[in-house]
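Remarks on the structure that follows.
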Amino acid sequence: MGGVLNEVTNTVHKQETGKSKFQTECGVTYNLSEEDLRVFRAVESELDGANVSKCGRCFDDAGGY
């Protein structure tokens, strides 16, 4: 599963399938600058050993909103 990292908040969001590369399921990145976002292919590999958190709206196991 692909993801979008908000490098300002260090939060990973699920990338919305079939939309532009920075659109996410929760819609939070809609108003953010593309300069602050990074797209990657595998959420799990991005989270391994990194100081990032999952979006509570995008991921059920992240504690919700």
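Worth knowing before you read on, the calculation uses all heavy atoms, side chains too, and leaves out hydrogens, waters and symmetry mates. Source: prediction; values computed, not measured.
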Does the side chain of Asn6 reach to within under 4.5 Å of the side chain of Leu37, using non-hydrogen atoms?
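When only atoms from C-beta onward are counted, Leu37 and Asn6 do touch, with a gap below 4.5 Å.
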Any non-hydrogen side-chain atom of Lys21 less than 4.5 Å from a side-chain atom of Gln15?
yes
What heavy-atom pair brings [X] and [Y] nearest, and what distance separates the two atoms?
X     : Y     : answer
Lys54 : Thr11 : C-CG2, 4.1 Å
Val12 : Phe40 : CG1-CZ, 3.6 Å
Cys26 : Arg57 : CB-CB, 3.5 Å
Glu35 : Glu7  : O-OE1, 4.2 Å
Thr29 : Phe22 : OG1-O, 2.7 Å

Say you draw a straight line from SG of Cys55 to NE2 of His13; how long is it, rounded to the nearest 0.5 Å?
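So the gap between those two atoms works out to 5.0 Å.
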Does one hydrophobic cluster hold both Phe59 and Val52, with members joined at side-chain heavy-atom distances below 4.5 Å?
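Same cluster.
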